[in-house]
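Structure record follows, encoded as structure tokens.
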Amino acid sequence: MIHPEVLEKLCCTSCGETELTLGSRRRPDLECHGCGTRFPIVEGIPDLVAPDEAPNPGSYRTETLENVIAGVYDFVAPVMSLAFWRCSPLRYVDHENRALGRAQGGVYVEAPIGTGVALAPVVAPHHDALIIGIDKSWNMLFKAQKRLRNISADFQLIRADYHNLPLQTGTVRSLQSLNGLHGFPDREGALSEFNRCLEEEGFFSGSALVRAKTDVADAVVIRYERYGIYPMLRCPEYLLQQIRATYFDDVRFETHGAVMFFTGQKHDQAATAEAG
Ligand SMILES: C[S@@+](CC[C@H](N)C(=O)[O-])C[C@H]1O[C@@H](n2cnc3c(N)ncnc32)[C@H](O)[C@@H]1O
Ligand SMILES: [Zn+2]
């Protein structure tokens with residue numbers, strides 16, 4: 001029901017405990033041995049969003065919106081990418097393929113996975129990787145599950161928030177975040193979470209919408225913000241600074257239209273400490 005290798009890499013999002021086991025009740029769930037929290041498993045997807053006593057109403061709004069968008073995402077996203085962002089959708093697929101290759105048989109995480117539209121066309125040759133897809137929207141996850149149900153690689157979907165990932169420290173070799181960072185309310189917090197989950201010298205890559213590249217994109221981005229949808233990014237260099245500040249080295253980027261693609265490597269803090 002849950003990939004056994006993935007189970008070994010999980011941690012509790014409430015207390016950080018690394019021992020989570022499958023519950024024995026009638027309804028499937030994962031039980032934390034530290035704090036006793038039970039995380040439900042729905043259609044094979046564990047819901048590892050930490051139970052929150054007082055959820056921020058804004059997070060419901062975003063989630064509702066993402067669930068609605070899931071229904072049209074596969075049609076609307078490529079059209080928007082071409083018409084507004086001026087970036088070929090094939091670039092996401094190419095970037096995905098390269099990020100999967102960097103996993104080299106280790107753990108590959110896609111956060112957010114959305115409907116899995118960029119992963120599906122390139123996943124076949126990467127059957128040696130353990131692939132984990134993370135998203136907070138159930139509708140996005142169900143779409144991804146349908147699309148990816150027949151892939152030959154080891155694969156697990158998880159419902160989680162990328163500000164509090166249910167993965168043990170240093171377990172991921174390549175982590176990809178396509179088209180998400182521009183909408184992260186706490187971008188530095190999420191970048192630190194990504195960094196925490198990566199192995200020493202693990203790879204971080206992704207894409208984000210940036211301003212000041214095309215007038216059409218800027219006009220749309222301003223409307224997004226006006227309706228309170230995204231805390232949108234400024235220029236590429238701004239995101240670059242945030243990524244570098246979160247202990248990533250060798251960060252490179254290129255922009256295609258209003259989309260910035262980047263790759264970086266987790267700074268080997270142990271080696272630096274030894275050298276110093
Ligand atoms: C624009 S989509 C990108 C999906 C995919 N990476 C792609 O390029 O096709 C953004 C995704 O971020 C997810 N998301 C938004 N806030 C999130 C959060 N706090 N934690 C996890 N996922 C989140 C949404 O559900 C949505 O699927
Ligand atoms: Zn716990």
Side-chain angles (χ1 to χ4, degrees), residues 1-3 6 10 28 30 39-49 59-85 87-97 99-100 103 107-127 129-167 174-184 190 205-209 224 229-230 259:
M1 174 187 293
I2 295 214
H3 196 287
V6 173
L10 295 180
L30 282 177
F39 298 96
I41 302 173
V42 182
E43 308 281 346
I45 304 174
D47 181 356
L48 284 151
V49 173
S59 67
Y60 282 131
R61 207 168 44 233
T62 311
E63 237 178 284
T64 308
L65 188 72
E66 300 290 5
N67 279 330
V68 173
I69 291 172
V72 292
Y73 188 77
D74 294 348
F75 306 104
V76 172
V79 173
M80 284 190 76
S81 195
L82 280 171
F84 297 144
W85 319 135
C87 174
S88 162
L90 291 177
R91 293 209 180 268
Y92 302 105
V93 176
D94 177 45
H95 208 69
E96 189 84 82
N97 192 30
L100 267 162
V107 176
Y108 178 75
V109 167
E110 170 121 33
I113 184 143
T115 61
V117 67
L119 182 70
V122 289
V123 74
H126 302 281
H127 40 77
L130 174 60
I131 299 170
I132 301 176
I134 292 180
D135 207 287
K136 206 172 172 187
S137 153
W138 278 116
N139 285 4
M140 291 280 186
L141 288 164
F142 291 143
K143 284 243 165 194
Q145 189 176 48
K146 205 166 160 196
R147 168 169 277 131
L148 298 162
R149 68 189 153 205
N150 294 324
I151 65 170
S152 56
D154 290 323
F155 180 66
Q156 177 69 54
L157 288 169
I158 296 175
R159 179 172 184 260
D161 192 313
Y162 37 51
H163 299 98
N164 182 9
L165 292 172
L167 297 167
S174 174
L175 190 149
Q176 165 101 312
S177 186
L178 279 181
N179 251 328
L181 275 163
H182 48 248
F184 291 10
S205 55
S207 71
L209 281 177
Y224 273 10
I229 296 179
Y230 290 139
V259 183

Is a side-chain N or O of Q145 found less than 3.5 angstrom from the main chain of E43, in a donor-acceptor match?
yes
With a 4.5 Å cut-off on side-chain heavy atoms, are V259 and R91 touching?
no
Just by distance, do the side chain of Q156 and the backbone of G44 share a donor-acceptor pair under 3.5 Å?
yes
Heavy-atom check, side chain of I45 versus side chain of W138, under 4.5 Å
yes
Which of these passes side-chain contact (heavy atoms from CB on, under 4.5 Å) with I132: V6, I113, D154?
V6
Looking only at atom types and distance, does a side-chain atom of S137 sit under 3.5 Å from a main-chain N or O of M140, one as donor and one as acceptor?
yes
Closest non-hydrogen atom pair, A160 against V49:
CA-CG2, 3.7 Å
Partners meeting side chain to side chain donor-acceptor pair (under 3.5 Å) with N139 (sequence neighbours left out):
none
Carboxylate-amine/guanidinium proximity below 4.0 Å for K143 and D74
no
Between the side chain of D135 and the main-chain N/O of G114, is any donor-acceptor distance below 3.5 Å?
yes
Could you tell me which residues satisfy salt bridge (Lys or Arg N to Asp or Glu O under 4.0 Å) with R159, sequence neighbours excluded, listed by chain and number?
D47, E63
Side-chain donor or acceptor of S174 paired with backbone N/O of Y108 under 3.5 Å
no
Under 3.5 Å: donor-acceptor pair, side chain of S207, backbone of N179
yes
What I'd like to find out is whether the side chain of Y92 reaches to under 4.5 Å of the side chain of S81, using heavy atoms alone.
yes
